[in-house]
Amino acid sequence: MRVVSLVPSATETLLALGVDVAACTRFCERPELPHVGGTKNPDVGAIVALAPELVVMDEEENRLEDAEALQAAGLALHVTAVRSVDAALAAVGELARATGRPPPPISVRIPAVVPDARRTAFMPIWRRPWMSVNADTYGASVLASLGIDVVTADDPDRYPMVDLATIAARRPDLVLVPSEPYAFTDEHVAELTASVAGADVRRVDGQDLFWWGIRTPAARRRLRSAAATR
């Protein structure tokens, strides 16, 4: 089956499943594959010209108008919606079934974290304004499964704007600074260290936090190690 993937996480997973990915976005970090624009501005004409049997999209990564344009051109879509570790594992199986591939035997079994060992964390994802995530996101779910609760978990917005004084008042144990989607510099890390006094500030792999799918089991192990008590 020839597939076009407009979702970086899905592209990585599809290739691991052995799917023929005819093209992907420039954000998928696959220079060996043809690119058809970005996640928010795909080249619909180029996708249609490839005549894929399936186009993989995501409810959050991609735009509704692009999905409608591809459907109007007669292309079949598979749309993912991943907001938790469980949903990530389910998405792998759904992608395998949608492309006629056997589902891989993946597992995320890691020893449970006892309740009194749970910690809290602030996880910035943007600056100017500072932004984070609430509990209804894959990144927060990954951390929660490792015994780390984001201090913005109860915010009504999935990606709330925050100020560092409010975050400092919540006294997080950790500040986990991801390598993406925002390119935080050493100066930003120093600002966080000074503003959220008492928190253990650490850099972590943003792809392990936000790219779901085939990488989820290993990503959880790496994040657990990166956030381990020192």
Side-chain angles (χ1 to χ4, degrees), residues 6-10 25 27 38-42 56-68 79-91 113 118-185 187-189 191-213 215-216 219-220 223 226-227:
L6 302 182
V7 188
S9 299
T25 77
F27 299 115
T39 54
K40 306 297 185 186
N41 58 346
V56 177
M57 304 184 76
D58 181 79
E59 65 158 9
E60 185 171 273
E61 294 272 1
N62 309 118
R63 304 187 307 167
L64 177 61
E65 52 263 47
D66 295 321
E68 291 174 340
V79 181
T80 59
V82 176
R83 299 188 182 187
S84 68
V85 170
D86 288 343
L89 298 185
V113 179
R118 296 194 74 85
R119 291 174 292 164
T120 59
F122 170 54
M123 182 175 65
I125 61 168
W126 206 257
R127 185 176 180 274
R128 291 186 179 177
W130 288 102
M131 297 180 69
S132 189
V133 299
N134 76 3
D136 189 29
T137 57
Y138 174 72
S141 176
V142 171
L143 292 179
S145 73
L146 299 174
I148 301 170
D149 302 308
V150 293
V151 294
T152 48
D154 294 334
D155 196 283
D157 295 325
R158 294 186 67 221
Y159 300 103
M161 292 185 289
V162 299
D163 65 81
L164 295 186
T166 300
I167 294 300
R170 297 178 185 179
R171 303 179 62 83
D173 300 307
L174 298 164
V175 174
L176 300 177
V177 186
S179 57
E180 60 175 67
Y182 190 90
F184 291 105
T185 66
E187 288 76 15
H188 299 148
V189 172
E191 180 183 4
L192 288 162
T193 301
S195 299
V196 191
D200 187 352
V201 182
R202 303 185 190 182
R203 289 184 178 272
V204 292
D205 188 335
Q207 290 188 359
D208 280 348
L209 271 171
F210 305 119
W211 287 39
W212 49 261
R215 75 162 48 224
T216 296
R220 288 178 78 248
L223 288 167

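One is the number of the first residue; the rest follow in order along the sequence.
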**Q** Does Ala140 have any side chain to side chain contact (heavy atoms under 4.5 Å, CB included) partners at least two apart in sequence or in another chain, and if so, which?
**A** Val133, Thr137, Val150

**Q** Between Ile125 and Phe210, is there a side-chain heavy-atom distance shorter than 4.5 Å?
**A** yes

**Q** Using the side-chain hydrogen bond (donor to acceptor under 3.5 Å, both in side chains) criterion, which residues pair with Arg203? Sequence neighbours excluded.
**A**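 Checked Arg203 against side-chain hydrogen bond (donor to acceptor under 3.5 Å, both in side chains); matches are Asp186.
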
**Q** Does any part of the side chain of Pro156, heavy atoms only, come nearer than 4.5 Å to the side chain of Asn134, both counted from C-beta?
**A** no

**Q** For Tyr138 versus Leu209, what's the shortest heavy-atom pair and its separation?
**A** CD2-O, 3.3 Å

**Q** Check whether any side-chain heavy atom of Arg215 sits under 4.5 Å from a side-chain heavy atom of Asp208, and report yes or no.
**A** yes

**Q** Does Asp200 have any salt bridge (charged side-chain N to carboxylate O under 4.0 Å, His left out) partners at least two apart in sequence or in another chain, and if so, which?
**A**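 Residues passing salt bridge (charged side-chain N to carboxylate O under 4.0 Å, His left out) with Asp200: Arg202.
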
**Q** Which atoms form the tightest heavy-atom contact between Phe27 and Gly38, and what is the distance?
**A** CE1-CA, 3.8 Å

**Q** Go through it in stages, so that I can follow the logic: the residues are Trp130 and Ile167, the test is side-chain contact (heavy atoms from CB on, under 4.5 Å), and I'd like the CA-CA distance, side-chain angles, deciding distance and then a yes or no.
**A** CA-CA 10 Å; Trp130 288 102; Ile167 294 300; over 6 Å; no

**Q** Can you run down the salt bridge (Lys or Arg N to Asp or Glu O under 4.0 Å) pairs that involve residues 153-164, sequence neighbours left out, and say none if there aren't any?
**A**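 Salt bridge (Lys or Arg N to Asp or Glu O under 4.0 Å) check on residues 153-164 returns Glu60-Arg158, Asp136-Arg158.
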
**Q** Heavy atoms, side chains only, cut-off 4.5 Å: are Leu143 and Leu176 in contact?
**A**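 Sidechains of Leu176 and Leu143: in contact.
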
**Q** If you look only at pairs with a residue in residues 124-134, which of them pass as a salt bridge (Lys or Arg N to Asp or Glu O under 4.0 Å), with sequence neighbours excluded?
**A** Arg127-Glu191

**Q** Please report the closest heavy-atom contact between Arg220 and Val142, naming both atoms and the distance.
**A**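 So the minimum-distance heavy-atom pair works out to CG-CG1, 4.1 Å.
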
**Q** Once you round to the nearest 0.5 Å, how far does NZ of Lys40 lie from CD of Glu65?
**A**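 CD of Glu65 is found 10.0 Å from NZ of Lys40.
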
**Q** Does a side-chain heavy-atom distance below 4.5 Å link Leu223 with Leu146?
**A** yes

**Q** Taking only residues two or more places apart in sequence or in another chain, which ones pass side-chain hydrogen bond (donor to acceptor under 3.5 Å, both in side chains) with Ser132?
**A** Thr152

**Q** Run the side-chain contact (heavy atoms from CB on, under 4.5 Å) test on Asp149 and Arg119 for me, step by step, so that the C-alpha distance in whole Å, both residues' side-chain angles and the decisive distance to 0.1 Å come before the verdict.
**A** CA-CA 6 Å; Asp149 302 308; Arg119 291 174 292 164; over 6 Å; no

**Q** Whether the side chain of Thr120 engages the backbone of Val151 through a donor-acceptor N/O pair (distance < 3.5 Å, no angle test) should be reported.
**A**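 Not a single qualifying donor-acceptor pair exists.
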
**Q** Taking side chain to side chain contact (heavy atoms under 4.5 Å, CB included) as the test, write out the residues that go with Ala67, two or more places apart.
**A**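 Side chain to side chain contact (heavy atoms under 4.5 Å, CB included) list for Ala67, sorted by chain: Met57, Leu77.
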
**Q** Mind checking the CG-CG spacing from Leu192 to Leu164? Nearest 0.5 Å is all I need.
**A** 6.0 Å

**Q** Just to verify, what does Tyr182 make a side-chain hydrogen bond (donor to acceptor under 3.5 Å, both in side chains) with, not counting sequence neighbours?
**A** none

**Q** If every non-hydrogen atom of Ala168 is compared with every non-hydrogen atom of Ser195, which pair is closest and at what distance?
**A** CB-O, 3.3 Å

**Q** With a 4.5 Å limit on heavy-atom distance, are the side chains of Thr193 and Val189 in contact?
**A**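 Thr193 reaches Val189 side chain to side chain.
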
**Q** For the atom pair CD (Glu61) and OG1 (Thr80), what is the distance rounded to the nearest 0.5 Å?
**A** 8.0 Å

**Q** Counting distance only, does the side-chain N/O of Arg171 pair as donor-acceptor with the main-chain N or O of Ala199 below 3.5 Å?
**A**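 Such a contact is absent between Arg171 side chain and Ala199 backbone.
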
**Q** Using the side chain to side chain contact (heavy atoms under 4.5 Å, CB included) criterion, which residues pair with Ala87? Sequence neighbours excluded.
**A** Val82, Ser84

**Q** Do the side chains of Val85 and Trp212 get nearer than 4.5 Å, heavy atoms only?
**A** no

**Q** Of all residues at least two apart in sequence or in a different chain, which pass the salt bridge (charged side-chain N to carboxylate O under 4.0 Å, His left out) check with Glu59?
**A**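 Only Arg83 meet the salt bridge (charged side-chain N to carboxylate O under 4.0 Å, His left out) criterion with Glu59.
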
**Q** Just to verify, what does Thr25 make a side-chain hydrogen bond (donor to acceptor under 3.5 Å, both in side chains) with, not counting sequence neighbours?
**A** none

**Q** Once salt bridge (charged side-chain N to carboxylate O under 4.0 Å, His left out) is applied, do any residues pair with Asp66, and if so which ones, sequence neighbours excluded?
**A** Arg63

**Q** For Leu6 versus Asn62, what's the shortest heavy-atom pair and its separation?
**A**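 Looking at all heavy atoms of both residues, the closest pair is O-ND2, 3.0 Å.
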
**Q** Using a 4.5 Å cut-off on heavy atoms from C-beta on, say whether the side chain of Val204 contacts that of Ser179.
**A** no

